[in-house]
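Just so it is clear, the values below take in all heavy atoms, side chains as well, and ignore hydrogens, waters and symmetry mates.
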Amino acid sequence: MTTVPTTDVPAAPAGPGGPGGPGTVRLTPLVVRLKLSLLRNGLRQSAGRRAVYLTSLVLVSLFAVLQLLGLIALRGNAHADSVTVLLLALMGLGWAVMPLFFPGGDETLDPTRLVMLPLRPRPLVRALLAASLVGIGPLFTLCLLVGSVISVAHGAAAFAVGVLAVVLGLLVCVALARAVAAANTRLLTSRKGRDLAVLSGLVIAVGAQFVNFGAQRLGAAGGLDPLDPVAAVLRWVPPAAAIGAVDAVSEGSYGRAAAQLLLSAAALAGLLALWTRTLTRLMTAPDASTLNAAEPAAREKAGRAGGPARLLPAGRIGTVVERSLRYVWRDPKTKSAWATSLAIGVIVPVFNALQGTGSVYFACFASGMLGIQMYNQFGQDTSAFWTVAMTISSPRDALAELRGRALALLLITLPYATLVTVLTTALLGAWAKLPEVLGLSFALLGAMLATGAWSSARFPYSIPQEGYKNVVPAQVGIAWISIFGGMIAAALLSAPAIAAAIWLNVSAGGEDRAWLLLPAGAAYGTALTVLGLRLAAPRTAARLPEILLAVSKG
């Protein structure tokens, strides 16, 4: 741009390509045109990007129309108000968290790009708020709001309030997303912030389990009555409060409707004030993330020798354990994989136990989910594996490396699997099964550690550090063989422990001896782990060049 846009600022004098006389440049239309230009230029970059955007637009539009028709069909139902209030509450939650996981979806989410321009925060907030209304998300939200109003509104007064409710609800959602994004701009524009998007898989996985749990509870209840108590609370939480006001007017409760509308308006005003304050700080204060950076680094370096690291074994094994645990804590992809496994490992057995449909043996799911982390051990290091490969010159070095990685996994998995097993048996009241299930879990974990070590050496593959893929396209087949082939082998190795459990449960008096599976399963799992590591060590040392080449392709 040849001139700096401001609000109510005299435009540049007339010249080539300039205005014919003095005037003003309005910021809001200019930022909206900027948003449209960014969208148009982004689609011009490649045919693939245009195809993805158009496909997304068509699918979202189709889903929005179906939602609209479904809400209209819900009109007159006794639970229409509860359904619409819950939908709007979930929509508001989505607007709040999506900018944290998908910051790259909108270039205008980063206001720090405008810090060098003479823009005042309040006019900039109005302009960005208007630009935020352009997109697929606002269109879907608008359809949901309109359908909700049609579903609960009865009478001219309710529809009149519905128009205001649609405007307030949409603006609250957009302002909420912008306020959250602005408050986390420093994080979202950093490398660690971009890697935060990797954790969206955990949110989706956990959220899907909660949705499944809720759907099953509704199905067991035989109706939508369980939604009413939750909706009674959420109808006072913006943006759902706006739809609650429409329902209140339909019932003749004008005082409650006014209070809910005022609450929505106050929420909008508060979000805009927070957004304005955050923009002022971003555009006037330095980035504190780079200040005094040397002091924390020095403190961290000084503290490495202390803490829990002192309890680790001396030598290479302890070093490998500490390095592996640091990867789990610091590397976004590794952290995401561990967090997802930890969450699903407890959700599946516990949620099934809470519903009364689960089995105590579901607790073995915890060991299985974390045992998967042993597969592709070297691929998790990506191209940095060359620093490890330089220190491996013999099968003995490889064995120490594998032992350290297995020990790091066991430090987390053993207490976690034990806790999940105890919790599951407590919920089901099957305390007599606790030793048996623990023994099966330990045997399964040992089998997965053994097969995972061998599979890591035989079928390594690269994990891309950017984006959401967990394997490069050219190595998908290798990844399938590594993980699913190893899991099948682990299941076969666990067969003796499973057969022993079945025999003890069906034989006369066998249940009294089932506790023997705990020491037997622990010993069997330990033997499998030791044998698997010893067999994998020579192959690892012999295949170092091939492993290094495979894991560096990402």
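Looking at heavy atoms from C-beta onward, Ser61 lies out of side-chain contact with Val58 at the 4.5 angstrom threshold. You'll find the side chain of Ile412 reaches within 4.5 Å of the side chain of Leu325, heavy atoms only. Side-chain atoms of Met374 and Ser456, non-hydrogen and from C-beta on, never get closer than 4.5 Å to each other. At a threshold of 4.5 Å between non-hydrogen side-chain atoms, the residues Cys143 and Val65 do not count as touching. Inter-residue side-chain proximity for Leu409 and Trp338 is flagged as met; some heavy-atom pair is nearer than 4.5 Å. Taking the side chain as every heavy atom from C-beta outward, Val551 and Tyr461 never approach each other to under 4.5 Å.
When every heavy atom of Asn376 is checked against every heavy atom of Pro460, the shortest pair comes out as OD1-CA, 3.7 Å. Among all heavy-atom pairs drawn from Leu444 and Cys364, the shortest one is CD2-O, 3.7 Å. The nearest pair of heavy atoms linking Ala497 to Leu440 is O-CD2, 3.5 Å. Residues Ser359 and Leu428 share a closest heavy-atom pair of C-CD1, 3.6 Å.
By the ring-ring contact (aromatic ring centres under 6.0 Å, His included) test, Trp386 is found to be paired with no residue, residues two or more places apart in sequence or in another chain being considered. Scored by the salt bridge (Lys or Arg N to Asp or Glu O under 4.0 Å) test, Arg458 finds no partners at all (sequence neighbours excluded). Evaluation of the side-chain hydrogen bond (donor to acceptor under 3.5 Å, both in side chains) rule for Arg323 yields Glu401 as partners, not counting sequence neighbours. Applying the side-chain hydrogen bond (donor to acceptor under 3.5 Å, both in side chains) rule to Thr418 yields no partners; only residues at least two apart in sequence or on another chain are considered. The side chain to side chain contact (heavy atoms under 4.5 Å, CB included) test applied to Leu410 returns Leu414, Leu445, Leu449, not counting sequence neighbours. Residues that satisfy the side-chain hydrogen bond (donor to acceptor under 3.5 Å, both in side chains) test with Thr451, not counting sequence neighbours, are Tyr375. Remark: Ser482 pairs with Ser455 by the side-chain hydrogen bond (donor to acceptor under 3.5 Å, both in side chains) rule, at least two apart or across chains. For Phe378, the ring-ring contact (aromatic ring centres under 6.0 Å, His included) partners at least two apart in sequence or on another chain are Phe385. Judged as a ring-ring contact (aromatic ring centres under 6.0 Å, His included), and not counting sequence neighbours, the contacts of Phe140 are Phe63.
For the pair Tyr416 (side chain) and Leu342 (backbone), a donor-acceptor distance under 3.5 Å is present. Side-chain atoms of Thr425 come within 3.5 Å of backbone N or O of Val422 as a donor-acceptor pair. The backbone N or O of Val388 sits nowhere less than 3.5 Å from a side-chain atom of Asp381 that would complete a donor-acceptor pair.
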Show me, pair by pair, the donor-acceptor contacts under 3.5 angstrom made by side chains of residues 528-540, not counting sequence neighbours?
| from | atom 1 | to | atom 2 | distance (Å) |
| --- | --- | --- | --- | --- |
| Thr529 | OG1 | Gly525 | O | 2.9 |
| Thr540 | OG1 | Ala536 | O | 2.8 |

Please tabulate, for the side chains in residues 513-523, all donor-acceptor contacts under 3.5 angstrom to protein atoms that are two or more places apart in sequence or on a different chain.
| from | atom 1 | to | atom 2 | distance (Å) |
| --- | --- | --- | --- | --- |
| Arg513 | NH1 | Gly509 | O | 3.4 |
| Trp515 | NE1 | Asp512 | O | 3.4 |

Under the side chain to side chain contact (heavy atoms under 4.5 Å, CB included) criterion, do Gln377 and Arg405 qualify, and how do the steps go? CA-CA 8 Å; Gln377 275 291 308; Arg405 292 173 184 257; 3.3 Å; yes
Carefully, step by step, assess Glu436 and Lys433 under the rule salt bridge (Lys or Arg N to Asp or Glu O under 4.0 Å). CA-CA 5 Å; Glu436 175 185 346; Lys433 294 285 187 181; 3.7 Å; yes
Might you work through the side chain to side chain contact (heavy atoms under 4.5 Å, CB included) test for Ile483 and Phe459, ending with a clear yes or no? CA-CA 9 Å; Ile483 297 177; Phe459 302 106; over 6 Å; no
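Thr391 and Arg316 form a side-chain donor-acceptor contact under 3.5 Å, judged by distance and modelled atom types alone. Residues Thr334 and Trp329 have side chains that never bring a donor and an acceptor to within less than 3.5 angstrom of each other.
Listed by first and then second residue, the ring pair (Phe, Tyr, Trp, His ring centres under 6.0 Å) pairs that reach into residues 519-550 come to none, sequence neighbours excluded.
Val348 pairs in a side-chain contact (heavy atoms from CB on, under 4.5 Å) with only one of the listed residues (Val346, Asn352, Val350), which is Asn352.
Residue-environment remark: CE (Met487) stays at or below the threshold of 12 foreign heavy atoms within 6.0 Å. Environment of CH2 in Trp431: crowded, with over 12 heavy atoms of neighbouring residues, nucleotides or ligands closer than 6.0 Å.
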